[in-house]
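Just passing along the structure, written as structure tokens.
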Amino acid sequence: RQMCIRDSKIHFGEMGNLAYLRPQYARALAAYIKERGGLPFLTDCNTLYVGSRKNALEHIETAYINGYTPYATGCQVIIADGVRGTDEAYIPIGCEEVKTAKIGRAIADADIIISLNHFKGHEDAGFGGALKNLGMGSGSRAGKMEMHYDGKPVVDRDRCRGCRKCATICANDGIHYESSKAVIDYDNCVGCGRCIAICSFDAIKPHNSSSAASLNRRIAEYAYAVVKDKPNFHISIAADISPNCDCHAENDVPIVPDVGMFASADPVALDLACAEAINRQPVLPNSAITDLKHEHDCDRFHAAHDNTHWQDLIEHGKKLGIGQDTYELVTIR
């Protein structure tokens with residue numbers, strides 16, 4: 001049999017977070033793949049924000065501390081976009097918001113995509129599930145910037161040390177120096193985010209957040225770039241359903257009880273099924289949404305973050321042809 005390299009896309013959890021998926025799930029999946037002749041690896045891309053996963057070395061260290069070692073999971077961990085988040089593949093998609101997606105190269109190189117997702121709330125997208133894990137999680141640093149921001153970087157002059165690394169890595173002559181401090185030349189800057197990745201002092205940061213609707217459309221388009229023309233399958237676990245993303249260095253108590261495990265070859269239907277199942281659950285006491293006035297009529301994710309509208313993600317995913325907004329729920333006991 002031909003050996004297929006199978007990418008298991010997962011979120012390793014930020015350092016200090018306790019709600020992320022436990023590595024035992026990844027171990028069971030890796031064993032299943034290897035029994036069928038596949039060569040699996042676990043992967044994620046570096047974060048745009050400053051945290052414990054902003055470069056590959058710290059990212060792998062965080063993954064190991066959180067239990068995702070090769071010995072615990074039975075497969076290797078590869079950070080898909082390289083040491084500083086600049087190892088990317090350009091995938092033309094010609095979509096409404098994104099024309100060319102910037103995907104972590106290791107993910108682009110995989111033969112088969114399998115996403116293993118922790119389904120929970122998210123402060124920008126409404127919830128984080130299969131589409132969020134595939135889209136935002138597979139974008140390189142520049143890809144994440146394209147999804148999150150309409151604008152271009154800004155320099156915190158108090159943090160800038162004048163080391164000139166950012167100017168060295170800029171391919172568009174987009175940075176010059178005044179009084180030994182970096183200055184962005186917005187006429188030349190293309191918003192690639194490489195200066196953010198290279199800065200050792202966190203002096204360069206994104207600016208101008210995109211709208212919630214635009215963010216969800218871009219996430220869906222990046223997810224499309226990841227799965228198009230490739231076999232793909234998706235598993236979501238609705239447990240420890242925290243109101244915020246696992247990117248936080250902490251986690252709040254779950255907003256509803258654990259629901260279970262969902263799986264589908266259709267990531268759009270999978271996300272919708274998980275969201276609707278969670279919305280049928282009672283609200284847990286002492287959670288972020290305990291004080292709902294009309295519990296039975298309230299969307300749990302919107303209650304946690306009223307500026308979000310996760311339905312945009314589902315609608316755009318369907319429009320792109322990634323999946324459908326109808327499903328049949330088959331219960332396996």
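Because the structure is a prediction, the values reported are computed rather than measured.
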So, for Asp81 and Cys45, which heavy atoms are closest and what is the spacing to 0.1 Å?
OD1-CA, 3.5 Å
Test item: Lys230 side-chain N/O and Ala110 main-chain N/O as donor-acceptor pair under 3.5 Å
yes
With a 4.5 Å limit on heavy-atom distance, are the side chains of Phe119 and Asp271 in contact?
yes
First locate atom CD1 of Ile175, then atom SG of Cys166, and finally report the distance between them rounded to the nearest 0.5 Å.
4.0 Å
For the atom pair CD1 (Ile169) and SG (Cys195), what is the distance rounded to the nearest 0.5 Å?
8.5 Å
Check Ala106 against Ile78 and note the closest heavy-atom contact, atom names and distance.
CB-CG2, 4.0 Å
Row check, Tyr25 ring normal vs Arg27 NZ/CZ: under 6.0 Å, within 45°:
no
Is it true that a side-chain atom of Lys9 and a backbone atom of Gly135 form a donor plus acceptor pair closer than 3.5 Å?
no
Does Lys228 reach the main-chain N or O of Ile93 with its side chain, forming a donor-acceptor pair under 3.5 Å?
no
Ignoring hydrogens and angles, tell me if any N or O in the side chain of Gln281 forms a donor-acceptor pair with the backbone of Ala277 under 3.5 Å.
yes
What pair of heavy atoms forms the shortest contact from Arg164 to Thr168, and how long is it?
O-OG1, 3.0 Å
For the backbone of Ile235 and the side chain of Asn117, can you confirm whether one donor and one acceptor N or O come within less than 3.5 Å of each other?
yes
Is there a side-chain hydrogen bond (donor to acceptor under 3.5 Å, both in side chains) between Glu14 and Asn17? Walk through the geometry before answering.
CA-CA 6 Å; Glu14 192 72 12; Asn17 189 286; over 6 Å; no
Co-membership, hydrophobic cluster, residues Ile237 and Val330, 4.5 Å side-chain
no
Identify the heavy atoms of Ala239 and Asp258 that sit nearest to each other, and give their distance.
CA-OD1, 3.3 Å
Does NZ or CZ of Arg36 fall inside the cone over Tyr32's six-membered ring, less than 6.0 Å from its centre and within 45° of the axis?
yes
Counting C-beta onward and ignoring hydrogens, is there a side-chain heavy-atom pair between Met136 and Ile219 closer than 4.5 Å?
yes
Any side-chain donor near an acceptor of the partner, His118 and Asn133, under 3.5 Å
no
Side-chain donor or acceptor of Arg53 paired with backbone N/O of Asp44 under 3.5 Å
no
Do side-chain atoms of Arg161 reach the backbone of Arg159 as a donor and acceptor pair under 3.5 angstrom?
yes
Considering only heavy atoms from C-beta outward, does the side chain of Arg300 approach that of Ile241 to under 4.5 Å?
no
May I have the step-by-step check of ring pair (Phe, Tyr, Trp, His ring centres under 6.0 Å) for Phe12 and His59, ending in yes or no?
CA-CA 8 Å; Phe12 299 116; His59 202 157; 5.8 Å; yes
Shortest non-hydrogen pair, Arg218 vs Met147, comes out as CD-O, 3.5 Å
SG on Cys274 to CE on Met261, rounded to 0.5 Å
11.0 Å
Backbone N or O of Asp202 within a donor-acceptor pair of the Asp156 side chain at under 3.5 Å?
no
May I have the step-by-step check of side-chain hydrogen bond (donor to acceptor under 3.5 Å, both in side chains) for Asp124 and His305, ending in yes or no?
CA-CA 8 Å; Asp124 294 320; His305 303 287; over 6 Å; no
Is it the case that atom CG in Asn307 sees more than 12 heavy atoms from other parts of the structure closer than 6.0 Å?
yes
Any chance you could measure Tyr64, atom OH, to Thr73, atom OG1, to the nearest 0.5 Å?
8.5 Å
Quick check for you: to the nearest 0.5 Å, what is the distance between Leu48 atom CG and Lys54 atom NZ?
12.5 Å
Is it the case that one hydrophobic cluster holds both Ile60 and Tyr68, taking links as side-chain heavy atoms less than 4.5 Å apart, direct or via other members?
yes
NZ of Lys181: more than 12 outside heavy atoms within 6.0 angstrom?
yes
Would a single hydrophobic cluster contain both Leu320 and Val268, if residues Ile, Leu, Val, Met, Phe, Trp and Tyr are joined by side-chain heavy-atom contacts under 4.5 Å?
yes
Side chains of Thr308 and His122: closer than 4.5 Å at any heavy-atom pair?
no
What are the two closest heavy atoms between Gln76 and Pro70, and how far apart are they?
OE1-CG, 3.7 Å
Answer with yes or no whether the hydrophobic clustering places Val154 together with Ile204; edges join I, L, V, M, F, W, Y residues whose side-chain heavy atoms lie under 4.5 Å apart.
yes
Judged by atom type as modelled, is there a donor-acceptor pair below 3.5 Å linking the side chain of Asp312 to the main-chain atoms of Ala212?
no
Drop me the distance from Cys95's SG to His316's NE2, to the nearest 0.5 angstrom.
6.0 Å
Would a hydrophobic clustering, with Ile, Leu, Val, Met, Phe, Trp and Tyr connected at side-chain separations under 4.5 Å, put Val259 with Val253?
no
Please check this pair: side chain of Ser140 against backbone of Glu88, looking for a donor-acceptor N/O pair closer than 3.5 Å.
no
Within the 3.5 Å criterion, strictly below it, is a donor on Asn279 or Asp299 matched to an acceptor on the partner's side chain?
yes
